[in-house]
Amino acid sequence: MLADCGRVNSLPDGAGVELRGWIRSKRHHGRLMFIDLRDGTGVVQVTLKAAELPEADFQAVSSAGRESAVVVWGVVVHDPRAPGGAEVRARKIELLSASLEEFPIKKGVGPRFLSDHRHLAIRSPKAAAILRFRSNLLKSIRNWFEREGFVEVHCPTFITAAVEGGATLFEVNYFGKKVYLTQSVQFYQEAAIYSLGKVYSIQPSFRAERSKTRRHLTEFWHVEGEMAFAGLDDLMRVVERLVGEASAETLENSRELLKLLGRERSPESVEPPYHRVKYSEALDILASKGVQLEWGSDLGADEEKILTMEFDKPFFLTHFPRKAKAFYHMPDPANPELTLSADLLAPEGYGEIVGSGQRIHDYEQLLARIVEEGLEPADYKWYLDLRKYGSVPHSGFGLGVERLVQWLLGLKNIRSAVMFPRTMSRTYP
RNA sequence: GCCGGGGUAGCUCAGCCUGGUAGAGCGGCGGGCUGUUAACCCGUCGGUCAGCGGUUCAAAUCCGCUCCCCGGCGCCA
């Protein structure tokens with residue numbers, strides 16, 4: 001019977017199994033040999049006693065290096081001496097493909113070496129567990145959107161006008177013309193709501209920010225949503241339910257992975273509702289902690305950290321000053337110096353995981369803001385067009401997948417939340 | 001962009017202050033071992049000291065320039 005390494009444990013004593021996998025490590029004692037065999041579902045010890053299998057098989061494997069591929073036929077034995085409580089006693093083993101060279105990933109290697117060999121490092125059970133967790137999370141996110149009636153749309157990666165600041169665009173030579181890699185699909189989703197109502201996208205965004213921190217990538221996966229007939233309160237309700245419910249479901253479905261990663265995080269610890277803190281209230285909280293911040297300036301990392309100490313769940317920071325936000329943000333009718341915006345901050349200093357807000361839907365108001373920011377209205381022609389034909393209040397958000405994975409798993413660096421990270425200084429492998 | 005740390009064996013690092021023929025551990029390779037937990041024991045191979053220039057009888061070490069990496073800030077998801 002073909003079996004998974006990760007599930008040998010649950011098979012009865014004496015069961016005959018076939019395992020296909022890679023030699024993670026080997027302990028050789030002359031006529032006795034132990035192999036930790038890995039296959040993507042887990043690791044199991046295979047015990048080879050020379051007397052119990054063909055001599056040629058034993059010899060072939062004794063000279064095989066780590067990560068050699070093998071097929072093992074053997075018998076399940078529950079034995080307290082085996083890691084995990086069960087092992088497979090080999091009766092026959094076939095060396096499918098011996099490693100040509102010593103496998104470079106081993107005990108004691110440093111972070112730079114691991115990054116340079118990421119294509120091999122992802123074989124480690126921990127790296128694989130993170131990738132599986134990420135896959136579970138995206139499945140839950142997608143299921144949530146589908147349950148809530150959002151329609152998935154796919155937007156272009158080549159664009160001509162900036163959504164966020166223009167300085168952070170990657171320029172691409174497009175048949176001699178300058179175009180850019182997308183930073184957000186927001187503008188295209190704003191077009192889509194007039195066709196589909198509620199939409200979502202899951203695709204990469206690119207930011208040419210010269211950020212050298214543990215929470216920045218130049219290419220990251222962006223979950224974005226946009227809704228017609230939605231104001232700031234509707235928006236925050238959607239964001240907290242999406243983040244909270246999808247995260248809780250993922251944690252529930254990933255208990256084994258969390259155990260393997262040595263992480264503790266209960267589904268209850270991420271459940272909504274989340275606190276809403278207005279920008280002005282945040283300044284008061286900071287002032288009470290002895291930190292004076294000038295009204296209008298954005299919060300720095302230190303200020304953010306102090307605020308996150310106040311909460312043990314993510315929380316919204318709302319109503320940012322107009323000058324701290326992009327031109328399309330809806331001014332607060334109660335105070336036009338503020339915007340109807342909401343960032344969701346993760347606790348423990350992991351920073352912003354969602355940026356969101358209500359968009360300006362009035363043509364003249366949007367045009368005035370574009371001019372006020374010194375932008376060229378002609379560059380935003382089609383975007384302005386959307387305000388000409390039955391324009392309605394609408395809101396949307398963007399969630400950074402790697403940021404969320406990083407916070408949920410307590411990862412020190414965002415790079416381990418993605419299979420092949422792209423940063424300012426890394427495009428290899 | 002600003003600030004800080006770093007680059008020495010395949011890997012992790014010591015040596016640098018106080019200049020004098022390049023070190024350790026791990027790994028590899030060879031041998032041994034029937035209950036290991038990235039085992040253990042014996043032997044052995046292994047170097048463009050990031051690069052360029054300068055000072056000196058002599059530079060991994062002192063000085064200058066350049067490149068690369070990591071972290072913090074700013075910016076953001």
Side-chain angles (χ1 to χ4, degrees), chain A residues 23-36 38 43-52 58 62-63 65-67 77 79-85 87 89 99 101-117 124-125 163-168 183-186 204-224 239 243 297-305 324-326 343-346 349-356 397-407 412-415 417-418 423-426 428:
Chain A
I23 296 176
R24 176 161 171 73
S25 64
K26 210 169 69 176
R27 293 170 294 283
H28 197 176
H29 302 252
R31 306 294 287 161
L32 171 69
M33 191 162 37
F34 299 100
I35 288 173
D36 289 341
R38 173 188 70 73
V43 182
V44 69
Q45 173 165 285
V46 175
T47 300
L48 296 88
K49 299 187 177 184
E52 294 179 353
F58 191 88
S62 45
S63 60
R66 296 170 56 235
E67 291 299 314
V77 175
D79 187 321
R81 293 171 299 181
E87 65 183 18
R89 299 273 169 82
S99 291
E101 293 171 16
E102 176 203 354
F103 191 65
I105 310 293
K106 65 192 97 176
K107 185 167 72 175
V109 296
R112 189 192 316 183
F113 187 87
L114 284 172
S115 295
D116 283 340
H117 296 83
S124 85
V163 178
E164 307 294 337
T168 63
Q183 299 168 306
S184 162
V185 297
Q186 178 193 324
S205 281
F206 304 86
R207 302 275 167 95
E209 291 156 2
R210 304 181 93 79
S211 307
K212 288 183 275 190
T213 79
R214 60 178 67 173
R215 14 175 246 288
H216 281 88
L217 297 166
T218 51
E219 176 177 5
F220 68 96
W221 276 71
H222 212 171
V223 171
E224 293 179 86
V239 169
V243 171
S297 49
D298 213 344
L299 275 69
D302 287 344
E303 290 83 31
E304 239 177 50
K305 216 159 274 177
K325 286 287 173 183
D343 285 356
L344 187 68
L345 302 189
Y350 286 94
E352 187 179 343
I353 50 180
V354 175
S356 72
F397 62 91
L399 177 158
V401 171
E402 290 82 6
R403 287 264 179 96
L404 184 54
V405 171
Q406 187 188 5
W407 168 61
K412 227 171 145 179
N413 199 302
I414 197 166
R415 285 188 298 250
V418 57
T423 68
M424 228 178 115
S425 58
R426 180 166 294 281
Y428 174 96

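FYI, side chains are in, hydrogens and waters are out, and symmetry mates aren't considered; it's all heavy atoms of this structure. Just so it is clear: chains get the letters A, B, ... in the order the sequence lines come, proteins before strands, and each one is counted from 1.
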Is the phosphate of [N], meaning OP1 or OP2, less than 4.0 Å from a side-chain N or O of [X]?
X        : N      : answer
A/Ser25  : B/rU37 : no
A/Arg415 : B/rG71 : yes
A/Asn413 : B/rG71 : yes

Tell me whether [X] contacts the main-chain N or O of [Y] through its side chain, where contact means a donor paired with an acceptor under 3.5 Å.
X       : Y       : answer
A/Lys26 : A/Met33 : no
A/Glu87 : A/Thr47 : no
A/His29 : A/Arg31 : no

Would you kindly give the [atom1]-to-[atom2] distance between [X] and [N], to the nearest whole Å?
X        : N      : atom1 : atom2 : answer
A/Asp116 : B/rG7  : CG    : C1'   : 13 Å
A/Asp298 : B/rA77 : CG    : C1'   : 14 Å
A/His28  : B/rG32 : NE2   : C1'   : 10 Å
A/Arg81  : B/rA39 : CZ    : P     : 18 Å
A/Arg112 : B/rG5  : CZ    : C1'   : 12 Å
A/Phe103 : B/rG28 : CZ    : P     : 13 Å
A/Ile414 : B/rG72 : CD1   : P     : 12 Å
A/His216 : B/rC70 : NE2   : P     : 15 Å

B/rA77 base stacked by A/Phe220 (centroids within less than 5.5 Å, tilt under 30°): yes

Beyond-backbone contact of A/His216 with A/Arg403, side-chain heavy atoms, under 4.5 angstrom: yes

Considering only side-chain heavy atoms of [X], which listed nucleotide, [options], is closest?
X        : options                : value
A/Glu304 : B/rU36, B/rC76, B/rC33 : B/rC76
A/Lys305 : B/rG6, B/rC33, B/rC73  : B/rC73
A/Glu87  : B/rG74, B/rG71, B/rU36 : B/rU36
A/Lys212 : B/rC2, B/rA77, B/rC11  : B/rC2
A/His29  : B/rU36, B/rC2, B/rC75  : B/rU36
A/Gln45  : B/rC75, B/rU36, B/rA77 : B/rU36

Examine the base of [N] for any acceptor or donor lying under 3.5 Å from a partner atom in the side chain of [X], and report the outcome as yes or no.
X        : N      : value
A/Arg210 : B/rG72 : no
A/Ser425 : B/rC69 : no
A/Lys49  : B/rG35 : yes
A/Arg31  : B/rU34 : no
A/Arg214 : B/rC70 : no

Separation of the P atoms in B/rA58 and B/rC68, to the nearest angstrom: 32 Å

Spacing of the C1' atoms in B/rC17 and B/rC40 (rounded, Å): 41 Å

Look at all strands and tell whether [X] reaches a base, only sugar-phosphate, or nothing, counting heavy atoms closer than 4.0 Å.
X        : result
A/Gly300 : sugar-phosphate
A/Ile353 : sugar-phosphate
A/Lys26  : sugar-phosphate

Salt bridge present between A/Asp298 and A/Lys325 (N-O < 4.0 angstrom): no

Salt bridge flag under 4.0 Å for residues A/Arg215 and A/Glu352: no

Flag for A/Arg27-A/Gln45: side-chain donor and acceptor within less than 3.5 Å: yes

